[in-house]
Structure formats: structure tokens, C-alpha cells
Amino acid sequence: TGDVLMFVDSHIEMESSTWYHHLAIPIVENPKTIAMQTIDVIDDLGTKDYGSGAGPLQYGVVSDQFWFSYQVDRFGDYYEPLDSSEFTEEELAERRGFKYKAETPHSREPYETPFGPGSLFAIRRDEFWRLGGYDEGLYVWGGENTEMAFKMWMCGGRMLMVPCSRVGHMYRQHKEKDGRGALTRWPPTLPQEMTDRLGCAYKNETYTGRFIVLRHPADNFTRITTRNNLRIMETYLGDHPAKLAYYKRMFGQETLMPEFQRFVDEWKEDPAAQKQVSLMKKNKCHDFDWWDKYVFMRLTGRHHPWHPLNGKYKQVSCGNHKAKACSLCPQGNGRDWCNGDCSWCQTSSQCFPAEDFAKKCITNKKKRALESSLKAVMESAKQNEKGGGIHLPLRERVKLPEDMKDKPILTISVVLPCGFEHDYFIRTAESVFYETPAEVLKEIVIVDDASKPPLQDSWAEEAAAKFGVKYVRLNEPAGLIGAKQAGAEAATGDIIVFFDCHVKPDIDYWVPYVKEITENYKRAVIPVITVLDVDTWTQRERPARGSGMSKCYLTFDAEFKWTTDKTPYVPIMSGGLLAISRKWFFEIGGYDSSMKGWGGENLDQSLRIWTCGGEIVSAPESYVAHMWRDGSEKTKAKYKVGAGDAVKNRARAVKAHLGEWYKKTLDFPSFKRWRGQDLD
């Protein structure tokens, strides 16, 4: 009976007390609005741990299979076919030169989107019923969100994503979980009467009562959503050619097989479906062509998924996101981000198109042969260098740019915490040396965190010194945080650059560090983090300028999540790669000496920098390739982290900086043991 209807799932958590205020404002401004929340992902219902967020700049779209998904950004420029009969020659020439830049929404303001999720949205009650509510003929789940979006846009309304109204949401696991997790059986058990009507839930003519999700349209539960989608196509596309293109994509032909044609025939006689058709006429709603041009094209920069002109926009589905090619899907996340049209090759840690997988994925047999060959090369390299170790080919060091010569310039100390990093520390140090001018690089401080054997056994001190290296040996393991603090205390440059011990900085990586910190010594600078192929020691999958991984935000469970926006500011840094003036680092107290091992120090440093009058900015021109721990043997950490150390570190950080909000963090099961404990 309220003025506004708010649809939510029963497995969510509102993340702030103002979640509704942010939804209500755009509805007050325009009553014909659906205002949707931005979703952060709760990985597991039992622990309520937060995973990666959907992020504030995601657009709701549909694929050519009519499945709802998200895309990170808009595609290309606005493209409009020109009819020569409508314009003079001069006007045609002018219009052909137009570049309609796709609209870019503000990172914190509500923004329009073609589609949205089926729950977690607000709409005026009278508007909901003006549109006819939900089509009562839709079964169970699937398609109701696209149906609602179509009629809202076509009938004079709008769909808005609201970045400042955030909600934690648990996605169904599609399986039964044991142990710490909750039981998340999905899809739900349906009455056999309904499954008989749909012809699903049978295997070898035996009723199973179980369903399969997101497979072929003839399979089990997906048959229900396919039925719903066919119904929506009839209502909102009618006889448009896009409908036949959808048939061909889904079923391999433009003519429906009898088992699916009966769903369309049912629609023609169904009162609930005809009610929606009548309301479309009554509300004087626009047709599908109008929606394509003024909604989908305007908001995404491309036509609807079945348009013949979409070849130039072609992308692959990576699972829950899209990319220009399968190789660009992982973005440092390994197999978890290589799905859909792509398949993950475990042996080479690469993402290939599914159709090329058999040809391109190296087999274990081939991999063993390559590894044997690489091992021989490594052994040969060790014999050629007294003290052993894997080195880069000798080359000329970069020079200081001409416009920086004869000017005062800040110097850099690069600190590398290298516990048990025998395989990579030499190439990391040499990469830093070659890419940093002599006038800028004061030293490379390699902190050997009680490695066995000592790192100096692989690269003798005298030989390493030729590359600007000085060693700091810790006889007892201090962990990553303690090693970084020891390196900072040994550094003498104006700027301390903290890198992990398995990175390769790109050309001119250092320039923004010197520029930004010269302007403000209380400024920390974060590079764009890309992917390092440690076999070839080359950078992979470099993103376009202004994108990539450099920014994070903080969630209530004291975790940091990657994000992007158009501002230079970084709310929370990931912690592994950063530049900070030595003066400012020690003014704010360095690293927390009571933090152990690894984890949480980035939260503490970020919050301390901001709250003490400093700032953290990203450097979109600075690229540093980083070896991500993907679970393989060659990337696995060789050092040990104390059980519970990371959680305690995170608890210390939020207690120190978040005041009363710290109590919210203690609600999470991971922090149960620290309730009432002294963390000071």
C-alpha cells in the first residue's frame, strides 16, 4: 500500500542506512523511473564474506541468446545509418564526419541503463500498475527483468542504476554446499504438473525432479526461461526481424520446432499476455525500432544483439563480462574470468576461444618438454654467472629525458621484499635498473626475509651492486609487512617505491611518481597493474589508458575490492605497488609494527594517508606488470603466513580508523574471535 514498491531478494544485506534515500530521489524527480541498487557480491551465505562487486559503472544488457548480463563500459561511437533522401549533399558530408561519443555517466550519480537485475529495485506503485505489473503468464523465474525494462522504456519511463545505494547479494550456487556454507539449492523444486506441461525434469523418460541451469534451451529448467523469453519476444518485438535472428541463434533455424512453437501458440490465446499487449496500445508505447535507436544504441553505442551491423562491435562472452578477445578476459583473475565463449588452458595459464582450445592449449606432455628445455636454459645461465640466478639479457639503460636535465629531481629508492623469491628477484631488480635513469634511481633495496638459502647465494653482493642493489638480510622471518618496513628504514632516496619481488616496470613508469610527489610530498602514487608472463618476462594484456587495475574501495568486512572511475583519486590501494615520499612515510609512522605477515597493511596505510591530510592518486601512464598468484606451482608463494594474522591485521586497521563502524565488521564470522579482544 506504500507509495513506492521496493523489490528485494531474501538473501541480501543493505550496506548503508541511506540506501532508500538514494533510490527515492530520482523517482521524485521523474515518477516514471525504476531505480536499481548497485550490487556487491556476498560469496557465501554462511560466512557472508564479500567478493568482487558489480561496481558502479556497469550496464545491464542482454546477449544474442537473450540472457541478461553486465558490461563494464559502453561500446564505441554512436552509429546512425544515413538516408540520402533526407539530407543535402553538404549535410550528408557533415554527418558522415560526426562522432557521437557514447555518454559517460558520473561515477557517483544515477545513470541510465537498458536493462537491470530482476530484484533490488524501486518503482512507484501507481507506475508499476500503469505498466501492468508483471506478466502473470511468466513462469517461476527468468525474463521478468527484461520484460519490465522493455515496457518501462517503451512506455515513456527510464531505468536508472544508483551507485550510492549499495546492497550485498548472494548469488545462487547452483549446487548444494556442505560445511561452512548454507544450503543453496537452485532452481527450486517445482510441481510435477508444471514440469510435465513444460516437458522438463525427465531423464531417460524417468522423472528426476532436478533441473539444469544455463544449458541448451531444451534442457530442463532453462526450458522455463526460454519459454518466458519466447513470450517476451512476441509481446515486445512482434514481427521484427530480430525475433527470427534470435530463433536462429538459439535453435539453429528461423522456424521453431513444435516443442517450442507451442509456447508461442499458447501466448496468442493467453489472457495475461493479451492484457500486456492491450496496455502497450493504451499507453501509446514505442516499438522495438524506437527502443533500439533511442535506448540501446544511445546507452551502449551499438545496436540490439541481433542487428546485422553488429559485426564491427563483436565481442566474446567471458562469462559474467565481455571482452574483444578471449585473451583479454582474465585481467589477472585466471580461470575464474575465463568462461562463456572461452576456455582456460591450465598448462599455459591462458584463455583461448572454445573452438580453438584443442589446437592452442599446450598438453601436459608438450608442457613437460618445454619445461625441460627451459630448465636446461636456466641451468646454462646459472653456469655462466658466478653465484647462479636467472638474468635478463644485457642492454642499455634508459636515459633521463632532455627536458629533465639540469633541473633538481627527486631520487627513488625501490624496496623489494623478497622472502623466498629465488626465481624472480634478479629479473625484477634488473628490470627496475634498466627502466630507471641513473640520475633518478638512488638504490634498489632487496630485503631478504630469512630466505633459505640466502638470496645472495644466487646473486653475489658485488655483482648485484653493479645494478644498484643493496641487500638487507633478516635472519628471522618478519613477513611482508616487516620486510617492507626494514627496506624503508634502509632507503635513502627522496621517494620510496614499494614493489613486489615479481614485477617488471614499463618504460617511464617512474615519471608520474616524481612529478606527483614533487607537487605534493604528502601524495602517494599508484601505478596501473598489468599481467606479467614470468616464462617470457613480458607484459600481457595491457589495458587502454585510463583503465586497468589501480583503485580499490573498502567494504564492511574489512576487505578491498577493485574498482574504476574517472577521478585520479584512490580510496584504498591494493598495497603491493606504490610510491610515497620517504618524509611522508615516516611522518605518518610507517607500517604498523604490530601487524604480522601479510594483509591489512594496505587498509591501514590508505586510511592513515587520507585521514592525516595526504592523498592517494593513480598514475594512468605508469604500467607495472605483476605476477599474479593463480594457484599454479610456479606462482605459489614459498613463504608461510601465520594462521589468522591477516584477519587480525584487518581488524586492527578498521578499529584504528573507523570508530563505531568497527562494530559492524565484528558482525562477520571471520572476525568472531576478535570480539572483545584487545587489538591496541
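Just so we're clear, the structure is a prediction, and the values are computed from it rather than from any experiment.
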Search all heavy atoms of Met627 against all heavy atoms of Leu532 and return the closest pair with its distance. N-CB, 3.7 Å

Considering all heavy atoms, the nearest Leu603-Ala653 contact: CB-CB, 4.0 Å

Check: Arg397 side chain, Phe433 main-chain N or O, donor-acceptor pair, under 3.5 Å: yes

Strictly distance-based, threshold 3.5 Å: is any side-chain N or O of Thr38 a donor or acceptor partner for the main-chain N or O of Val162? yes

Looking at every heavy atom in both Ser550 and Trp562, which two are closest together, and how far apart are they? N-CZ3, 3.8 Å

Can you tell me how the ring of Tyr424 sits relative to the ring of His502, calling it parallel under 30°, perpendicular over 60° and tilted otherwise? perpendicular

Are Ile444 and Lys470 side-chain neighbours, meaning at least one heavy-atom pair lies under 4.5 Å? no

Pi-cation contact, Tyr553 with Lys561 (under 6.0 Å, within 45°): no

Ring centres of Phe467 and Trp459 under 6.0 Å apart? yes

Under 3.5 Å: donor-acceptor pair, side chain of Ser606, backbone of Ile572: no

Is the backbone N or O of Ala558 less than 3.5 Å from a side-chain atom of Thr665, with the two atoms forming a donor-acceptor pair by type? no

Any side-chain heavy atom of Ile580 within less than 4.5 Å of one from Phe498? yes

Looking only at heavy atoms, the pair that brings Thr411 and Glu439 closest together is CG2-O, 3.9 Å

Could you check if a side-chain atom of Asn520 sits within less than 4.5 angstrom of a side-chain atom of Glu615, using non-hydrogen atoms only? yes

Look only at the side chain of Asp448 and the backbone of Ser451, and say whether a donor-acceptor pair between them is shorter than 3.5 Å. yes

Is any NZ, NE, NH1 or NH2 atom of the basic residue among Lys399 and Glu396 found under 4.0 Å from an Asp or Glu carboxylate oxygen of the other? yes

Without swapping roles, check the side chain of Glu435 against the backbone of Trp510 for a donor-acceptor pair under 3.5 Å. no

Would Glu489 and Lys484 pass as an ion pair if we require N to O under 4.0 Å? no

Between His391 (side chain only) and Glu430 (backbone N and O only), is there a donor and an acceptor less than 3.5 Å apart? no

